[in-house]
Structures are given as structure tokens and as C-alpha cells.
Amino acid sequence: MLSRRRGAADWASPGGLGRARTGAPASGAAAAAGGAQLPLGSGARGRRRAAGALLRSIAQRVAGKQQSAVEVTKAYLAALRSVEDQVHAFLTVDEGAALAQAAAVDAAIARGEPAGPLAGVPIAIKDNICTAGLRTTAGSRVLEAYAPPFDATAVARLRAAGAVLLGKTNMDEFGMGSSTENSAYQATRNPWDTARVPGGSSGGSAAAVAAGQAAAALGSDTGGSIRQPAHFCGVVGLKPSYGRVSRHGLIAYASSLDCVGPLASSVADAALLLRVMAGADGADATASRESVPDYCAALPPRDALGSAPLAGLRVGVIAETCGEGVSPGVTAAIDGAVAHLQQLGAAVEQVSLPTFALGLPAYYVLALSEASSNLSRYDGVRYGARAAGGAAGAELKAMYGATRGAGLGPEVKRRVLMGTYALSAGYYDAYYKRAQQVRTLVADEMGAALARFDVLLCPAAPTVAYGLGEKAADPLAMYKGDLMTVNLNLSGLPAVVVPCGFAPAEGAPGGALPVGMQLVGRMFGEQQLLRVAHAYEQTAGVARRAPVAAAPASSEGQQLVAARGLRPIWAPSSSMAAASAPPPGLRSGGSSSSAAAAPGGGVLALAWSGYKQQLAKRPLRTKALTSACVASLSDVIAQRLLGGPYNPRRTLKMAVWGLLIGAPSAHYWHAALARATARWPEGSTWSALRRVALDQLTFGPAYNLAFMAYTAMVVNGMAPGAFARKAAAEFPALQAAGWRVWPAVMLVNYRCVPLQLRVLFANVVALFWGVYVIQRSRPKAGPGARAKVA
């Protein structure tokens with residue numbers, strides 16, 4: 001059986017045991033693996049909320065033989081090792097078994113067998129979910145040597161879909177805690193600030209996803225154990241309806257409340273995992289036979305959402321979660337999310353749930369009562385390692401006492417004692433029975449609210465992540481943090497947490513930490529719930545900084561992102577010093593040459609992010625009018641430059657065109673310039689103008705490059721000089737590839753000019769700056785070079 005060293009993950013490999021190798025940059029590990037792609041979707045590269053399905057991207061590449069499952073697995077294992085000593089997310093990692101699973105996936109594809117929806121996708125599993133032959137401790141010493149002989153149903157279905165299991169993640173012992181500090185082995189750290197907790201009890205799974213150690217992870221949720229860590233770590237966490245996913249193989253805490261669910265980097269990834277795991281199970285009588293829809297089919301791409309994808313949706317904001325006790329930063333982030341839902345067409349109003357506050361005490365009575373029963377099996381006879389004082393011949397009660405005293409931690413003992421007290425003769429009616437009655441009231445009130453509204457909305461936690469040890473000495477304060485989540489377990493309803501911004505946090509790197517918005521749906525209404533969350537995620541443009549503890553970036557990883565259209569974003573702070581510094585991935589093992597080798601990431605993606613954020617803050621009418629104004633002004637200038645009589649009808653046509661489709665009108669201008677100057681001899685000013693127009697056209701049918709560079713500067717608070725230094729450091733390859741217009745945009749500060757004039761000015765200055773650069777870079781033309789050609 002695996003041995004362990006306190007505070008360190010176990011690394012099982014064919015060659016034996018050993019500590020994780022630390023400090024190895026993932027890019028180097030990927031190169032050693034023969035060019036394996038690095039993990040994507042989070043980590044030091046950051047990510048854009050609209051990035052979409054990372055899991056599907058990996059599976060499609062593996063199925064298409066663009067990349068092998070072994071390469072993907074090696075890259076994720078390298079990423080896992082590179083930050084594990086900072087995060088402490090894993091309890092057990094079996095590299096040999098993971099690579100064997102990946103090799104089996106590759107072999108099946110080579111034989112022509114159909115690839116599963118998760119082919120080659122590396123997944124982490126919470127340590128209270130059984131995995132055949134792989135140690136499963138539930139974070140407790142009493143199960144330190146337990147290796148289950150079977151897979152949990154959820155795990156078996158992941159394996160059947162082609163997933164590769166990397167290892168088991170840390171957790172609060174038996175799920176009893178909200179910080180992952182109650183593990184018997186180590187305290188997991190929040191990747192955003194390693195002096196803070198990641199939440200719990202699925203803190204190890206959430207931290208692994210946030211740090212880029214795994215593409216996704218499984219967790220369990222008894223009173224918020226998926227959703228609160230998702231809020232703290234800035235990832236997506238989904239708690240399904242009770243019975244939607246089988247509990248077979250889940251080590252029980254409170255059987256009537258426990259759920260298995262995914263943590264992922266996007267709503268699309270969470271939907272895919274749920275689709276694979278959900279469904280009836282003969283081994284679990286509580287698993288529902290309700291039909292399982294295709295959750296992914298309800299999630300259209302960003303371009304197909306339209307201007308009001310949530311029109312007709314009714315959203316109820318739970319009033320009891322918006323008042324006293326919720327930090328101002330969390331409130332501000334939730335208010336911003338509500339405003340964006342309204343922009344998407346949803347009708348939002350507050351709803352009062354008078355019994356909402358009663359759910360927390362009822363939950364703790366019921367959960368602890370069930371725990372005292374479920375944990376009675378760990379006695380050294382039926383389950384659990386027998387303590388040294390429990391040798392043969394000893395009194396049975398003494399053996400029980402020695403085993404449970406040594407094997408169970410203080411928080412577990414506290415909860416078992418309280419649960420046993422609530423179930424004892426004379427107190428059953430006063431506590432347990434009354435808590436069941438309150439549970440009915442809470443469930444009925446939630447159901448009535450969802451009859452009026454399609455979804456309910458509230459924060460996932462009242463604060464951002466708190467410091468390690470901050471609440472360890474005050475269990476009641478930690479219990480109160482579950483106020484926002486426990487009612488949904490009492491009523492069995494589904495809920496999803498989606499990152500919605502950042503809240504100020506003193507002492508945190510960057511001065512802010514993630515905030516999650518919790519959306520609640522009807523029973524077995526995950527399809528609609530995911531659709532709403534997906535629409536918000538794809539359109540909100542939430543700026544994402546990189547966690548301080550995250551797997552390093554690599555050129556291979558960035559190229560894989562670009563190949564799938566999943567552009568990573570690094571959103572800098574507003575300070576000039578931070579803006580002029582290289583991205584965190586470059587500071588932690590990457591290089592400017594690696595970044596330069598991957599056009600489409602870095603500054604370009606930053607510009608795209610700035611553009612999306614800037615437009616998201618303006619109403620649709622303003623967007624349309626701005627676009628029409630830019631299109632008409634551009635056409636006026638284009639007609640003047642081309643000569644001939646002015647045609648106002650064409651300008652009006654261009655304004656209507658801009659009103660409908662926006663920035664492509666700028667490309668019409670550049671195309672017109674290129675056509676008009678084609679008759680001028682090479683080396684002339686008009687020839688240089690044509691070159692600039694063609695350079696702009698090479699950007700494709702997206703948006704004008706100068707406008708994007710401007711928005712990156714203004715929206716992200718970057719001074720022109722800082723932006724220029726960042727561009728020069730990251731993308732020297734672009735300087736010779738048709739990006740000559742950038743310096744003009746970088747050298748001008750547009751903040752004091754209205755938006756329309758800023759855009760027009762950026763285009764004009766960029767155009768003629770490009771002419772100047774080209775003319776300076778060429779030898780002087782001979783006599784007659786500037787003469788017109790008849």
C-alpha cells in the first residue's frame with residue numbers, strides 16, 4: 001500500500017515512490033515528452049470566459065490524431081508537478097496508471113474504435129469517490145490504507161467515455177469542513193493567494209482546476225462543497241439535482257444531501273461531464289430514472305446567441321442574500337452580473353424567502369445526525385485501520401475507542417458527537433424531527449419561488465476566500481459561511497456557480513479575489529440552468545487575471561488554444577508597473593521567444609478582451625450608432641482620398657451597413673484603398689498606402705486592428721508606452737508580418753476625445769504612420785517613380 005509523507009502528495013509510478021519534482025517548467029516537460037501540448041483553460045495564461053469547451057477541444061484533437069492521449073497526459077502531469085508544492089491539491093497521483101489509461105485510449109483509436117466524448121481528457125477525482133485500485137482516504141487517517149476494489153458509478157462512466165484519471169484530490173475529512181484545512185494530511189492553498197483557503201470540502205478539486213493541474217475535476221456537494229470552492233477559486237462548479245448522478249461509490253457524509261458533481265473551467269465543460277455521468281443506476285436506489293437530455297446541445301456558440309439570448313427569462317434575486325453580512329465587494333460583483341443579465345433580456349426582480357435563514361441550523365442538525373450514523377462503520381472491524389491499541393484480546397470497546405480516537409480528526413469527532421446527541425432519546429423530537437419539518441418548509445418555499453421565476457440568483461458565499469487558519473478556532477463562524485448554499489441541498493435543487501468578477505481583498509496578489517454567482521434551477525432543470533449560465537459566461541467578458549500559483553505557459557499550449565479558437569487572456573492590473581511587466585506565465589518559466597512564437601495570444605488576445613469589455617459596458621443602441629458613425633466617417637475620408645465627386649448616398653449606405661454589421665465597414669475602406677492604389681508604381685506613397693491597407697485586411701473579417709489596440713489600452717488602464725513595451729517584448733515576430741500600424745496607436749492617448757473621434761483618429765493616424773514606416777524602410781525610388789501611370 002502507498003506510504004505517505006505528511007504534507008506531500010504521494011506519487012505512484014512504475015519505478016517506485018518519490019516526492020514530486022518541483023520547479024520544473026511545464027514547457028520543458030512538454031518538450032521532453034516530444035512536443036506534448038500543455039494544459040489549457042486556466043492557469044498562468046489566464047482565460048477568457050467565452051473560451052468554451054476545453055474538454056471537447058482536447059477530445060477532438062486526440063480523436064483526430066492531432067495529438068496523442070499520452071502526450072496530453074504527460075503535459076498535465078508535468079503541470080501538476082510544477083505547482084503542487086505551492087497548492088497541495090493532490091493526496092495521491094499514480095502517473096503509471098494515468099499513462100497506461102492514456103495509452104489504452106490511443107490504442108483504441110488506432111484500431112478504429114469510436115472515441116468517447118472525453119477521449120484523453122485528464123480528470124482529477126475527489127478523494128471520497130471510489131477508484132478501483134487507487135487509494136481513497138476521504139481525507140482521513142482511518143482510511144489511509146484503503147484501496148477500493150471497484151469504481152464509483154460516476155468514475156466508471158468517465159472511464160468509459162475515455163477520460164484519464166490523474167489522481168485523488170485533497171478534501172476536508174469525510175467532507176466535514178469549508179476550507180480543506182480539516183484534511184488529516186495537508187491544507188490545500190488557494191491558487192489565487194496561497195495564504196488563503198480554497199474553500200471546502202472539495203477545495204483540492206477546485207484548486208487543481210484553477211491552477212491548471214487538471215482539465216476538470218469531480219467533487220461532492222453536501223452543503224455547498226462544490227459551489228463554495230468554485231466561488232473561492234474562480235472556476236465553474238455544478239451541483240446537480242439530488243439523484244441526477246448516482247452516489248454509488250461516494251463515501252457517505254449525509255446520504256440524503258450528498259451529490260456528485262463537476263468543477264471545470266467553463267459551463268460547457270461542466271455540461272459535458274454531467275451528460276456523461278448522469279442517469280439511472282441499478283446500484284443506487286436514489287438515482288433518478290428521469291431521462292437525461294443532451295446538456296451540451298443547449299449551449300450555442302457565442303456568435304449564435306443573438307443580442308437578447310435570455311429574452312423572456314425571469315430571474316429572482318434572493319433578498320435575504322443581499323443584505324447584512326455580505327461583503328461590499330461581493331455585492332458589487334453580483335450587482336454587475338444582474339445588470340448584465342438584464343442586458344441579455346432577462347427580467348430581474350427580488351424575491352423574499354422568509355425561511356431562508358432557517359435552513360442553516362436545520363441543515364447542521366440533519367447532516368450531523370446522518371454523519372453520526374454513516375461514520376459508525378469506521379470502527380476497525382468493518383472498515384478502517386485498527387489502532388495499535390486494538391490488538392487481539394483487547395476489550396472490544398477499548399479497541400473501538402482507540403481506533404476512532406486515533407483515526408478521526410477533531411472536526412469529525414465534533415460533528416459525530418453533535419449528531420449523536422440530536423438523535424439520542426429525549427432529544428430526537430426537539431432537534432431531528434423539527435429540523436425535518438423545517439426542511440419541508442424550506443423546500444416548499446424554494447419550489448414556490450421557482451414557480452414564479454425560471455432561476456433564482458444569489459452569491460455562493462458572503463465573502464471572498466479568507467486566510468488559512470482565520471476561522472479554524474471558531475467553527476461556528478465557518479458554519480455560517482454555508483448560509484448561501486445549504487438550502488439547495490435540503491431541497492435537492494440544482495445550482496451552478498459561474499465566476500462573475502473580482503472583489504477587493506487586502507493583501508491578496510493584485511488586490512482582488514474571484515467572486516462566483518450562484519444560479520438555482522428547478523428540479524432536474526439543469527438544461528435551462530446551464531443555458532442561462534452559458535449565455536452569461538459567453539457574453540459577460542469577465543476580465544481574468546492568472547492565479548499566482550498556476551502551471552506555466554508554453555508555446556505549444558498557446559498554439560493549441562489558437563488552433564481551437566480558444567484565445568487565452570492575461571488581464572493586467574491598472575498600475576503602469578504591472579502593465580509593463582510580462583505576463584505571469586513568462587515570469588514563471590516561459591520566455592518572450594515562446595510567446596512570440598504563438599501569434600494570436602498575449603497582446604492580441606488582450607486587445608480582443610478589451611474590445612469585448614468596452615462594448616459590453618455600452619447599450620446596444622450606442623454600439624450600433626457608434627458603428628454607423630465610424631462607417632460613415634470612414635467612407636467620407638475614403639471618397640476624398642480616392643478623388644472624384646462625393647456621393648452622399650454611398651455614405652448613407654455605409655452608415656446603414658455599419659449599423660447592421662459594424663466594424664467590417666472599416667475593412668471595406670481598406671479594400672477600397674488597396675484597389676484604388678493598385679495602379680500606382682511600386683515605391684510611391686500611394687503604393688505604401690496600398691501596403692498598409694492590405695496589411696489591415698490580413699487581420700481577417702473580425703475588427704479593425706487600431707480600434708482593438710486602442711481598447712486594450714484604455715479598458716485595461718495601460719499607458720501607451722507600457723503597451724508598446726509589452727508588444728515589443730512579446731511579439732517581435734509580428735513586427736515583420738503586417739502589423740506596422742501598431743506604433744501609431746501606442747503613441748497616442750485618446751482618453752480626452754469622444755469615442756467616435758478616437759476611433760477615427762486611430763484609423764487615420766495608424767494609416768499614415770504605416771505609410772511613413774514603409775517609406776522609411778525602403779530605398780529611395782528612382783526618377784519618375786512617383787509619376788502617374790496612364
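The figures that follow rest on heavy atoms only: side chains count, while hydrogens, waters and symmetry mates do not. Residues take their numbers from the sequence shown, with the count starting at 1. Keep in mind the model is a prediction, meaning the values are calculated, not measured.
The two residues Ala264 and Val209 come nearest to each other via the heavy atoms C-CG1, 3.8 Å. In this structure, Phe90 and Thr169 approach most closely via the heavy-atom pair CE2-CG2, 3.9 Å. When every heavy atom of Val62 is checked against every heavy atom of Val72, the shortest pair comes out as CG2-CG2, 4.2 Å. Counting all heavy atoms, side chain and backbone alike, His88 lies closest to Ala187 at CB-O, 3.8 Å. Nearest heavy-atom pair across Ala207 and Val87 is CB-CG1, 3.7 Å. Smallest separation of non-hydrogen atoms from Ala163 and Ile123: CB-CG1, 3.9 Å.
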Determine, stepwise, if the pair Arg141 / Glu144 fulfils salt bridge (charged side-chain N to carboxylate O under 4.0 Å, His left out).
CA-CA 5 Å; Arg141 290 288 178 186; Glu144 187 170 10; 3.0 Å; yes
For Lys168 and Thr137, what are the C-alpha separation, side-chain angles and deciding distance, and is it a side chain to side chain donor-acceptor pair (under 3.5 Å)?
CA-CA 9 Å; Lys168 308 303 286 292; Thr137 71; over 6 Å; no
Any chance you could lay out the side-chain contact (heavy atoms from CB on, under 4.5 Å) test for Ser179 and Glu470, step after step, and finish with the verdict?
CA-CA 10 Å; Ser179 65; Glu470 185 177 322; over 6 Å; no
List the steps, then state whether side-chain contact (heavy atoms from CB on, under 4.5 Å) holds for Val260 with Thr153.
CA-CA 10 Å; Val260 175; Thr153 297; over 6 Å; no
Check the pair Phe232 / Trp192 against side-chain contact (heavy atoms from CB on, under 4.5 Å), numbers first and verdict last.
CA-CA 9 Å; Phe232 280 2; Trp192 293 91; over 6 Å; no
Tell me, with the steps shown, if Val236 and Asp269 meet side-chain contact (heavy atoms from CB on, under 4.5 Å).
CA-CA 9 Å; Val236 174; Asp269 288 347; over 6 Å; no
Test Phe150 against His248 for ring-ring contact (aromatic ring centres under 6.0 Å, His included), laying out the working first.
CA-CA 10 Å; Phe150 66 98; His248 174 65; 5.4 Å; yes
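A donor-acceptor contact shorter than 3.5 Å is absent between the side chain of Gln213 and the backbone of Val83. Side-chain atoms of Gln228 come within 3.5 Å of backbone atoms of Ser178 as a donor-acceptor pair (strictly under, hydrogens ignored). A donor-acceptor contact shorter than 3.5 Å links the side chain of Ser202 to the backbone of Ser225. At distances below 3.5 Å, at least one donor-acceptor pair connects side-chain atoms of Thr180 with backbone N or O atoms of Gly199. Asn182 places no side-chain N or O within 3.5 Å of a backbone atom of Gly409 that could act as its donor or acceptor partner. When atom types are taken as modelled, the side chain of Glu181 and the backbone of Gly469 share a donor-acceptor pair closer than 3.5 angstrom. Side-chain atoms of Asp221 do not come within 3.5 Å of backbone N or O of Cys259 as any donor-acceptor pair. Between the side chain of Tyr295 and the main chain of Ala268, no donor-acceptor pair closer than 3.5 Å is present. Gln86 places no side-chain N or O within 3.5 Å of a backbone atom of Thr194 that could act as its donor or acceptor partner. Side-chain N or O atoms of Thr136 include one that pairs as donor or acceptor with a backbone N or O of Leu134 at under 3.5 Å.
The pair Glu95-Arg81 meets the salt-bridge criterion, since a charged nitrogen lies less than 4.0 angstrom from a carboxylate oxygen.
Between Cys130 atom SG and Asp151 atom CG the span is 8.5 Å, to the nearest 0.5 Å. Interatomic distance, CG of Leu272 versus CG of Leu118, reported as 5.0 Å (0.5 Å rounding). Here CG of Leu273 is found 9.5 Å from CG of Leu263. Values are rounded to the nearest 0.5 Å. Taken from CG in Asn170 to OG1 in Thr188, the straight-line distance is 3.5 Å, to the nearest 0.5 Å. Between atom SG of residue Cys233 and atom CZ of residue Arg189 there is a gap of 13.0 Å, rounded to the nearest 0.5 Å. Rounded to the nearest 0.5 angstrom, Leu299 CG and Glu537 CD are separated by 9.0 Å.
Taking 4.5 Å as the limit, some side-chain heavy atom of Met277 sits within range of a side-chain heavy atom of Pro262. The shortest distance between side-chain heavy atoms of His231 and Val515 falls below 4.5 Å. Looking only at side-chain heavy atoms (C-beta outward), Leu158 and Leu218 come within less than 4.5 Å of each other.
Sequence neighbours left out, the pairs with a member in residues 155-182 that pass ring pair (Phe, Tyr, Trp, His ring centres under 6.0 Å) are Phe174-Tyr378. Judged as a side-chain hydrogen bond (donor to acceptor under 3.5 Å, both in side chains), the pairs with a partner in residues 112-125 (not counting sequence neighbours) are, in order, Arg111-Glu113.
Remark: Arg196 pairs with Asp193 by the side-chain hydrogen bond (donor to acceptor under 3.5 Å, both in side chains) rule, at least two apart or across chains.
Considering Leu77, Asp94, Val164 in turn, Leu77 is the only one that fulfils the side chain to side chain contact (heavy atoms under 4.5 Å, CB included) rule with Leu99.
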